[in-house]
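Encoded as structure tokens, the structure appears first; notes follow it.
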Amino acid sequence: MVSLKREREIEVDDDDNEDRVPAKIGRGRVIEDRRSRHCPYLDTINRSVLDFDFEKLCSISLSHINVYACLICGKYFQGRGLKSHAYTHSVQFTHHVFLNLHTLKFYCLPDNYEIIDSSLEDITYVLKPTFTKQHIAGLDKQGKLYRAYDGTTYLPGIVGLNNIKANDYANVVLQAFSNVPPLRNYFLEEENYRGIRRPPGDIMFLLVQRFGELMRKLWNPRNFKAHVSPHEMLQAVVLCSKKNFQITKQGDAVDFMTWFLNALHGALGGTKKRSSIIAKAFQGSMRIFSKKLPHPDLTPEEKEALLVTEEYQEQMSESTFLFLTLDLPTAPLYKDEKEQLIIPQVPLFNILGKFNGNTEKEYKTYKENFLKRFQLTKLPPYLVFCIKRFTKNNFFVEKNPTIVNFPITNVDLREYLTEEAQVTEKYTTYDLVANVVHDGKPTEGAYRIHVLHHGTGKWYEMQDLQVTDILPQMITLSEAYIQIWKRQGSDNGTNHHTGV
């Protein structure tokens with residue numbers, strides 16, 4: 001009698017606690033609810049409406065705490081107690097199967113028992129994809145097409161990103177970085193960055209977590225649909241950049257990339273002295289020779305007198321970089337008779353001449369003018385070029401339409417290194433892996449990206465949700481804005497390339 005009474009008391013306590021599954025407890029052992037493995041409502045689950053890309057908050061209370069997804073209509077609700085929104089929804093609409101978005105456990109409401117069934121594993125994998133080291137190692141060695149639940153076929157990694165309103169400038173940068181193997185491999189395994197300690201109240205680590213989640217969704221071979229919405233990632237960008245980069249307002253891809261690389265580097269514990277995966281992949285170094293120029297209003301005698309002083313002598317400094325900015329020659333001022341028929345063209349090696357150590361360029365500040373020249377001392381495994389197309393003045397932004405002629409493969413940068421670096425640097429030849437293009441007017445234009453899929457060696461063009469294959473010859477005809485080049489021999493055997 002005593003043991004029976006104690007058993008009933010435990011069952012009553014369990015009913016009050018909504019986080020536990022009611023179970024019969026007797027003689028020190030737990031017996032799971034029989035209904036857990038024989039739930040009659042599993043056939044009501046509608047996988048076609050499930051979308052876990054959006055922020056995990058209750059659709060009624062807008063709370064992040066204890067959120068459940070209804071697997072019949074795809075909406076999010078809070079709690080599962082008697083007065084909770086999920087419980088009310090289950091009674092009102094007879095939707096019975098729910099998934100806890102935090103613990104990844106399935107429950108049947110209003111009966112409130114946990115569902116244990118291996119057929120639901122595909123849903124938890126879409127919510128939280130995981131990758132083994134063996135799977136990651138084989139990503140660049142295969143070009144297998146996968147079929148999504150909705151019937152469309154796709155290549156993992158070559159997946160469209162949803163343009164919520166005007167965030168294509170961020171989408172192309174995220175897609176470019178998702179196809180840089182060392183960066184991708186690092187973020188596909190959450191264990192790589194889970195243990196990084198951040199100061200209390202630091203919100204920047206949210207950027208790392210969201211980027212890792214987005215990377216795993218882009219490379220998920222078992223997606224329900226062949227596109228991904230970067231909603232949570234972009235909300236983290238808006239929050240961490242203090243609204244400098246918005247979802248609803250068109251931005252500049254180079255500005256976003258600059259901020260994003262530095263923010264990720266800092267959030268991963270990187271400093272000027274301490275390295276991170278960002279620095280290991282993209283950081284090179286250069287020498288900067290700068291010479292101060294006398295004020296142009298001075299007389300020739302005064303200028304000569306100043307040039308002798310120590311202040312106006314050439315000074316050398318060492319600096320690191322995550323990307324190189326290439327300056328385009330000025331576009332022709334006048335149009336021809338047929339309006340813009342002539343589009344100026346320039347070879348890539350002409351604009352790379354900025355870094356040969358001999359080409360001098362004048363830089364103006366508010367008070368002083370400097371003459372600078374640059375020479376590279378260390379080349380990174382992945383080299384990023386930003387082609388400066390936009391110039392801002394007091395009134396408006398102008399775009400330079402000059403087309404840069406570049407080869408897809410075998411760009412040798414040895415001549416831009418210092419003599420000492422030419423001896424130490426073993427590999428100096430680069431192949432293109434990503435090419436971001438800006439089309440249209442400076443403030444209203446759209447972005448698209450060309451990406452090389454390492455497994456198949458084919459090129460693909462992505463613009464928001466549209467993914468099409470493209471011939472390598474067509475890439476060089478576009479108004480390139482950002483390019484990512486991979487050094488040959490810098491990683492283990494992923495050098496399949498198709499070029500012109």
Side-chain angles (χ1 to χ4, degrees), residues 140 176-177 179-183 279-289 318-329 345-361 372-388 402-437 449-454 457-459 471-500:
D140 291 333
F177 288 149
N179 280 277
V180 175
L183 202 63
K280 286 173 185 171
F282 300 114
Q283 194 175 78
S285 60
M286 65 165 83
R287 276 187 194 153
I288 303 171
F289 301 91
E318 291 269 349
S319 177
T320 56
F321 64 85
L322 291 175
F323 61 89
L324 296 174
T325 304
L326 305 179
D327 302 314
L328 288 173
Q345 298 187 25
V346 62
L348 177 68
F349 293 101
N350 282 21
I351 55 175
L352 273 171
K354 174 182 176 181
F355 300 100
N356 62 12
N358 299 321
T359 308
E360 292 183 325
K361 193 187 173 192
K372 292 187 178 182
R373 54 193 181 92
F374 308 92
Q375 198 166 19
L376 305 179
T377 54
K378 185 192 166 202
L379 291 170
Y382 287 82
L383 186 60
V384 184
F385 288 154
C386 297
I387 297 164
K388 195 175 179 182
T402 303
I403 286 178
V404 179
N405 295 322
F406 55 88
I408 300 289
T409 57
N410 298 323
V411 171
D412 194 355
L413 302 178
R414 187 171 290 278
E415 62 181 287
Y416 306 106
L417 288 166
T418 58
E419 290 180 7
E420 307 91 73
Q422 286 183 16
V423 177
T424 55
E425 290 280 344
K426 188 179 177 185
Y427 301 107
T428 57
T429 310
Y430 283 80
D431 298 329
L432 189 69
V433 291
N435 182 54
V436 173
V437 179
I449 183 172
H450 303 125
V451 164
L452 173 76
H453 186 262
H454 293 88
K458 289 182 181 177
W459 281 92
L471 290 170
Q473 294 92 325
M474 301 299 292
I475 295 168
T476 58
L477 304 176
S478 58
E479 296 177 13
Y481 192 34
I482 301 170
Q483 295 184 331
I484 300 179
W485 297 78
K486 183 181 79 170
R487 187 168 60 190
Q488 291 181 2
S490 60
D491 60 356
N492 37 11
T494 57
N495 281 329
H496 334 296
H497 245 279
T498 50
V500 182

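Since the model is a prediction, treat every value here as computed from it, not as a measurement.
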Would D412 and T428 satisfy side-chain hydrogen bond (donor to acceptor under 3.5 Å, both in side chains), going step by step from the backbone distance to the final call?
CA-CA 6 Å; D412 194 355; T428 57; 2.7 Å; yes

Are E360 and K372 close enough for a salt bridge, meaning some N to O gap below 4.0 Å?
no

Looking at L471, I408, V451, which hits side chain to side chain contact (heavy atoms under 4.5 Å, CB included) with W459?
I408

Look up atom NZ in K388 and atom OG1 in T402, then write down how far apart they are to the nearest 0.5 Å.
14.0 Å

Heavy-atom side-chain contact between H450 and S478 under 4.5 Å
yes

Residue among L324, L417, L379 satisfying side chain to side chain contact (heavy atoms under 4.5 Å, CB included) with M286
L324

For Y416, is there any backbone N or O sitting under 3.5 Å from a side-chain donor or acceptor partner on N356?
no

Please find the pair of heavy atoms, one from P181 and one from N179, that lie closest to each other, and give the distance.
CD-O, 3.4 Å

Under 3.5 Å: donor-acceptor pair, side chain of T429, backbone of Q488
no

Is it true that a side-chain atom of R414 and a backbone atom of E425 form a donor plus acceptor pair closer than 3.5 Å?
yes

With side chains defined as the heavy atoms from C-beta onward, is the minimum distance between P381 and Y427 less than 4.5 Å?
no

Please name the pair of heavy atoms, one in F323 and one in C386, separated by the smallest distance, quoted to 0.1 Å.
CD1-SG, 3.4 Å

Distance in Å, L376 CG paired with Q422 CD, rounded so as to fall on 0.5 Å steps:
10.5 Å

Heavy-atom closest pair, residues A480 and Q483
CB-NE2, 3.7 Å

Would a 4.5 Å heavy-atom cut-off, applied to side chains only, mark P329 and I351 as touching?
yes

Give me the ring orientation class for F385 and W485: parallel if the planes are under 30° apart, tilted from 30 to 60°, perpendicular past 60°.
tilted

Can you find a heavy atom in the side chain of E415 that is under 4.5 Å from one in the side chain of L352?
no

Between L477 and I403 the two heavy atoms that sit nearest each other are O-CD1, 3.5 Å

Grab the two heavy atoms, one from A176 and one from A434, that are nearest each other, plus how far apart they are.
CB-CB, 4.2 Å

What's the separation between atom CG in N405 and atom CG in L348, rounded to the nearest 0.5 Å?
9.0 Å

So, taking the atom named CG in L452 and the one named CG in L432, what distance separates them when rounded to the nearest 0.5 Å?
8.0 Å

Looking only at atom types and distance, does a side-chain atom of K354 sit under 3.5 Å from a main-chain N or O of T325, one as donor and one as acceptor?
yes

Can the ring centres of Y430 and F406 be said to be less than 6.0 Å apart?
no

Please report the C-alpha distance between F355 and L326 in whole Å, then the side-chain angles of each, then the deciding distance to 0.1 Å, and finally whether the side-chain contact (heavy atoms from CB on, under 4.5 Å) criterion is met.
CA-CA 9 Å; F355 300 100; L326 305 179; 3.6 Å; yes

Donor-acceptor pair, side chain of Q375 and main chain of R287, under 3.5 angstrom:
no

Give a yes or no answer on whether the side chain of T418 reaches the backbone of T377 with a donor-acceptor pair at less than 3.5 Å.
no

Whether the side chain of R373 engages the backbone of G357 through a donor-acceptor N/O pair (distance < 3.5 Å, no angle test) should be reported.
yes

Step by step, would you call Y382 with F177 a ring pair (Phe, Tyr, Trp, His ring centres under 6.0 Å)?
CA-CA 11 Å; Y382 287 82; F177 288 149; over 10 Å; no

For atom CD of E420, is the number of surrounding heavy atoms from other residues, nucleotides or ligands below 6.0 Å larger than 12?
yes

Within a strict 4.5 Å, meaning less than it, do heavy atoms of the I387 and L328 side chains meet?
yes

Could you check if a side-chain atom of L413 sits within less than 4.5 angstrom of a side-chain atom of L383, using non-hydrogen atoms only?
yes

